[in-house]
Q: 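Quick one: the structure is below, and I'll ask about it shortly.
Please read these numbers as outputs of a predicted model, since none were measured by experiment.
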Amino acid sequence: MGLGRLSQALLLSCRWAVTAALGGARCRGGPLSARPLSAAVRLRAPQRLPGRGVPPRAGGEGRWREAESAGGDDDDDDEEEENDSDEEDDAALEELLGPSPLSVGPGAQRVAVVHPAVKWGPKKSPLTTAELQIAEAVALVDTLQNWTVLDKIIIPTKNPDKKFVFGKGNLQVLTEKIKKLPHVTAVFLNVERISSVTKKELEDAWGVKVFDRYTVVLHIFRCNARTKEAKLQIALAEIPLLRSNLKNEVAQLDQQRGGSRYIMGSGETFMETQNRILKEKELKIRNALDKLRRKRSLLRTQRRKREFPVISVMGYTNCGKTTLIKALTGEEGLQPRDQLFATLDITAHAGYLPSRMAVIYVDTIGFLTDLPHNLVESFSATLEEVAYSDLIVHVRDITHPETNLQKATVLSVLKNLNLPSHLLDSMVEVHNKVDLIERYKPAEENALAISALHGHGLEELREEIEKKILTATGKKILTVNVNLEGSQLSWLYKEATVQEVEVMPEDGTARVKVIIGNSAFGRYKNLFPNNKTVLGPSSGIVIAAELA
């Protein structure tokens, strides 16, 4: 019997690695177009970053794309070397991101969704019902193009973790129901993960493919991934499944082929060879992700130097995060989609608060109840960006019947990210889609009711965000008297957020209201020492210039 699909893919990977080591031609023509590795880090923006004090242009808000490297104007030799390095990265990544042996494939599927309903015990969640759980499973299937739900089946079980999930009698009932379905091609068993042995035996019994929650969510991720970083993280999440499937496949091959277990006199068993190839692939993926993480760290350093406050918008999948960011920034290019996991890649968008302070809204991956642990771990490189935020906005779909369970899921993931305590304590909770509930009032203290789609409550949200940002960043609102013949005003426009300018032509001065960070304030005092600071009225501190 020939090698299975998984083994063939791994051996091809091994042959490619040997060819590359011997200086052979690199593989081309993979599913990804050749482009620099740094293209995986995409932060959306207008043509240039808004200056720290540059007032917004007409329209006030928009999209911006941050530089993909921290360097300035490098010389031609450095650029050529970097391009050569990026091309080498592309060649290696094309192999890592090639067709997956675990891929479900682009074809249509006619699916029976089966949910094991736990009637009692510690596995039963008090915050949901079997009907709501299978509804979410159906929503996952509906997310996929050309996938159709033929039937929804709820079968009781005492322990969904046992080998065949159900007891013998219920398994027989389920088998009969599945075999009666016309033209069924797959069964989606709504459990986190089933073993490769269980999967094979159920497929033999039912005569169709069997997918668990891990497989379906991973397939959705593959379909929605756009950048190389997202695809690398998905490839990393596949490694545990590849290892599990490998054990089952090797066991079957050992039973059928007999003979020597060693490959071409190498002294290495087939199993050892495949495991070594998997380890090498995992190491390459992690190294590529580490390189992207370092580049993202450089981007964070740039933003920190410019003192742009960063606001991470988080929430359960399909709660309206992207719609809210579009409403807050006015960015026409954002196209929210009414589907699960529409956003997998971190994107950043420039907006302005009521004081005209420029801020960055970061859109993040959505969360899901019982999201497999390996998927969360694989996307930790993306989620770690949240730890460097100045504020978290937690968006909730308040119309969803499981909104409390969704909140608990998001908070659980955030706590597991080991975020700084001040980020969790200052988090702004937003109840979205209140236009669908008549006379809605939040039960939670300090929660804000909004409709991102219709703009209800957004001004109150902006004001709350501004208040929290001023506290988190230590920025000051100051009123400064400047000499218009000097360079103070232009410096303030460049290094701070100028809110108002009141010109007093009789003495050639202007009264300028600004928002300025601590470091910029220190530089201002050093550059313009002939100023004295006095306590001002309710607007804040007044810096009165001693004019010559």
Q: Can you tell me how far CH2 of Trp206 sits from CG of Leu189, rounded to the nearest 0.5 angstrom?
A: 5.5 Å
Q: Start with the C-alpha gap between Ile392 and Leu419, add the side-chain angles, then the distance that decides, and say whether side-chain contact (heavy atoms from CB on, under 4.5 Å) holds.
A: CA-CA 11 Å; Ile392 295 175; Leu419 300 176; 3.8 Å; yes
Q: Return yes if a side-chain donor-acceptor contact under 3.5 Å exists between Ser195 and Thr198, otherwise no.
A: yes
Q: Which is it for Arg356 and Glu466 under the salt bridge (Lys or Arg N to Asp or Glu O under 4.0 Å) test, yes or no, and what are the steps along the way?
A: CA-CA 10 Å; Arg356 300 167 67 86; Glu466 181 169 282; over 6 Å; no
Q: Which is it for Val113 and Asp151 under the side-chain contact (heavy atoms from CB on, under 4.5 Å) test, yes or no, and what are the steps along the way?
A: CA-CA 6 Å; Val113 180; Asp151 198 6; over 6 Å; no
Q: Heavy atoms only: give me the nearest Thr497-Ala358 pair and the separation to one decimal.
A: OG1-N, 4.4 Å
Q: Partners of Glu463 by salt bridge (Lys or Arg N to Asp or Glu O under 4.0 Å), sequence neighbours excluded?
A: none
Q: Do the non-hydrogen side-chain atoms of Phe308 and Val359 ever get within less than 4.5 Å of each other?
A: no
Q: Suppose we screen for side-chain contact (heavy atoms from CB on, under 4.5 Å). Which residues come up paired with Asn170, at least two apart in sequence or across chains?
A: Ile155, Pro156, Phe166
Q: Apply ring pair (Phe, Tyr, Trp, His ring centres under 6.0 Å) to His115 and list each qualifying residue two or more places apart in sequence or on a separate chain.
A: none
Q: Going by heavy atoms in the side chains, are Val118 and Thr157 under 4.5 Å from each other?
A: yes
Q: Could you report the tightest heavy-atom contact between Val410 and Gly315, atom names first, then the distance?
A: CG2-C, 3.8 Å
Q: Side chains of Asn432 and Arg396: any donor to acceptor distance under 3.5 Å?
A: no
Q: Hey, is the main chain of Ala408 close enough, under 3.5 Å, to the side chain of Ser412 for a donor-acceptor pair?
A: no
Q: Apply salt bridge (Lys or Arg N to Asp or Glu O under 4.0 Å) to Asp142 and list each qualifying residue two or more places apart in sequence or on a separate chain.
A: none
Q: Please find the pair of heavy atoms, one from Val434 and one from Ala449, that lie closest to each other, and give the distance.
A: CG1-CB, 3.8 Å
Q: Quick one: do Arg213 and Glu136 make a salt bridge, cutoff under 4.0 Å?
A: yes
Q: Yes or no on side-chain contact (heavy atoms from CB on, under 4.5 Å) for Lys433 and Leu453, after CA distance, side-chain angles and deciding distance?
A: CA-CA 8 Å; Lys433 306 184 184 181; Leu453 186 62; over 6 Å; no
Q: Kindly give the heavy-atom pair with the smallest separation between Leu423 and Val386, and that separation in Å.
A: CD1-O, 3.5 Å
Q: Working to the nearest 0.5 Å, report the span between CZ of Arg222 and CD1 of Ile220.
A: 11.0 Å
Q: Please find the pair of heavy atoms, one from Thr329 and one from Tyr361, that lie closest to each other, and give the distance.
A: CG2-CD1, 3.6 Å
Q: Distance check, rounded to the nearest 0.5 Å: Asp397 atom CG versus Lys321 atom NZ?
A: 10.5 Å
Q: Give the C-alpha distance, both sets of side-chain angles, the deciding distance and a yes or no for side-chain contact (heavy atoms from CB on, under 4.5 Å) between Asn190 and Val114.
A: CA-CA 6 Å; Asn190 191 32; Val114 177; over 6 Å; no
Q: Looking at Thr403 and Thr399, would you say the former's side chain and the latter's main chain have a donor-acceptor pair under 3.5 Å?
A: no
Q: Take Thr128 and Gln133 through the side chain to side chain donor-acceptor pair (under 3.5 Å) test and state the conclusion after the steps.
A: CA-CA 7 Å; Thr128 187; Gln133 287 176 300; 4.9 Å; no
Q: Return the NZ to CG distance between Lys468 and Asp390, rounded to the nearest 0.5 Å.
A: 13.0 Å
Q: Does His456 offer a backbone N or O that forms a donor-acceptor pair with the side chain of His454 under 3.5 Å?
A: no
Q: With side chains defined as the heavy atoms from C-beta onward, is the minimum distance between Asn416 and Asn418 less than 4.5 Å?
A: no
Q: Can you measure from CG (Asp212) to CD (Glu192) and round to the nearest 0.5 angstrom?
A: 8.5 Å
Q: Taking all non-hydrogen atoms of both residues into account, name the closest pair between Leu289 and Gln233 and its distance.
A: CD2-CG, 3.7 Å
Q: Would you check if Thr215 and Ile194 make a side-chain contact, meaning some heavy-atom pair closer than 4.5 Å?
A: no
Q: Rounded to the nearest 0.5 Å, what's the gap from CG on Asp363 to CD1 on Ile325? Could you check?
A: 4.0 Å
Q: Please lay out, stage by stage, how Arg462 and Glu459 fare under the test salt bridge (Lys or Arg N to Asp or Glu O under 4.0 Å).
A: CA-CA 5 Å; Arg462 286 189 178 98; Glu459 288 309 311; 2.8 Å; yes
Q: Mind checking side chain to side chain donor-acceptor pair (under 3.5 Å) for Glu203 and listing every partner two or more places apart, or none if nothing turns up?
A: Lys199
Q: Counting C-beta onward and ignoring hydrogens, is there a side-chain heavy-atom pair between Gln499 and Met357 closer than 4.5 Å?
A: no
Q: Quick one: are Thr317 and Phe367 in side-chain contact, heavy atoms under 4.5 Å?
A: no
Q: Is Arg243 salt-bridged to Glu238, going by a charged N under 4.0 Å from an acidic O?
A: no
Q: For this output row, return yes or no: ring centroids of Trp147 and Phe211 closer than 6.0 angstrom.
A: yes
Q: Within the 4.5 Å heavy-atom criterion, are Lys326 and His349 side-chain neighbours or not?
A: no
Q: Does the side chain of Phe188 reach to within under 4.5 Å of the side chain of Leu140, using non-hydrogen atoms?
A: yes
Q: Applying the side-chain contact (heavy atoms from CB on, under 4.5 Å) test to Met314, which of Val395, Leu414, Val362 qualifies?
A: Leu414
Q: Less than 4.0 angstrom from a charged side-chain N to a carboxylate O is my criterion; do Arg286 and Glu282 meet it?
A: yes
Q: With Leu150, which residues qualify under side-chain contact (heavy atoms from CB on, under 4.5 Å), at least two apart?
A: Arg110, Val184
Q: Would you please say whether a donor-acceptor pair under 3.5 Å links the side chains of Asn518 and Lys475?
A: no
